[in-house]
Amino acid sequence: MKKGIHPAYERVAFRDSTTGAVFVTRATLRPSETIDIDGDAVPVVNVEVSSDSHPLWTGKARVHDSEGRVAQFNRRYGRGRTA
């Protein structure tokens, strides 16, 4: 790798604004806000949705009424309609 052309790749915390969960990883982001983790000041990025609050991962996903949509389609364009 060439020196001096790559952004700094350092520890960054991602905080879920819904649940308050904090995930620490490495990234090239450099936010100005910091959070204290294990005695170190780590830059923090606030996110709206993470695996801690996403409906798919929490098991709170909604099931859409696909039968109603099919019935509506058949009423408009399906069988029983003559042109």
Side-chain angles (χ1 to χ4, degrees):
M1 290 179 26
K2 286 187 176 181
K3 296 203 183 275
I5 64 169
H6 299 286
Y9 186 65
E10 300 173 352
R11 281 180 55 175
V12 176
F14 291 89
R15 181 173 44 204
D16 189 328
S17 59
T18 306
T19 63
V22 177
F23 303 94
V24 179
T25 186
R26 294 173 59 92
T28 58
L29 299 172
R30 295 300 300 163
S32 58
E33 185 181 353
T34 61
I35 188 172
D36 185 44
I37 297 177
D38 298 329
D40 293 332
V42 179
V44 64
V45 176
N46 293 313
V47 294
E48 293 180 18
V49 178
S50 71
S51 62
D52 198 50
S53 65
H54 193 280
L56 178 69
W57 299 109
T58 60
K60 297 179 182 176
R62 294 182 295 173
V63 177
H64 295 286
D65 180 22
S66 61
E67 183 179 347
R69 291 177 183 229
V70 171
Q72 181 181 6
F73 177 84
N74 285 335
R75 274 196 311 274
R76 286 186 184 169
Y77 310 108
R79 298 180 190 142
R81 185 170 185 234
T82 57

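Note that the numbering runs from 1 along the sequence shown for the chain.
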Engineer: Are Val22 and Val47 linked, directly or through intermediate hydrophobic residues, by side-chain heavy-atom contacts shorter than 4.5 Å (ILVMFWY only)?
Structural biologist: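 No, it is not one cluster - the side chains of Val47 and Val22 are not joined through contacts under 4.5 Å.
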Engineer: Quick one: closest heavy-atom pair of Glu48 and Thr18, and the distance?
Structural biologist: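 Nearest heavy atoms, Glu48 then Thr18: O-OG1, 3.2 Å.
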Engineer: State plainly whether one hydrophobic cluster holds both Ile35 and Val24, where clusters connect Ile, Leu, Val, Met, Phe, Trp and Tyr through side-chain heavy atoms under 4.5 angstrom apart.
Structural biologist: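 Yes; Val24 is reachable from Ile35 via cluster members.
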Engineer: Is the count of non-hydrogen atoms from other residues, nucleotides or ligands lying under 6.0 Å from Glu33 atom CD greater than 12?
Structural biologist: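 Counting neighbours around CD of Glu33, more than 12 heavy atoms of other residues, nucleotides or ligands fall under 6.0 Å, so yes.
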Engineer: From Asp52 CG over to Phe14 CZ, what is the distance, rounded to the nearest 0.5 angstrom?
Structural biologist: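 Interatomic distance, Asp52 CG to Phe14 CZ, rounded to 0.5 Å: 15.0 Å.
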Engineer: Could you state the interatomic distance from CZ (Phe23) to OG (Ser50), rounded to the nearest 0.5 Å?
Structural biologist: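 Phe23 CZ to Ser50 OG: 4.0 Å, rounded to 0.5 Å.
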Engineer: Go through the structure and list residues passing ring pair (Phe, Tyr, Trp, His ring centres under 6.0 Å) with Tyr9, not counting sequence neighbours.
Structural biologist: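 In terms of ring pair (Phe, Tyr, Trp, His ring centres under 6.0 Å), with neighbours along the sequence ignored, Tyr9 is linked to no residue.
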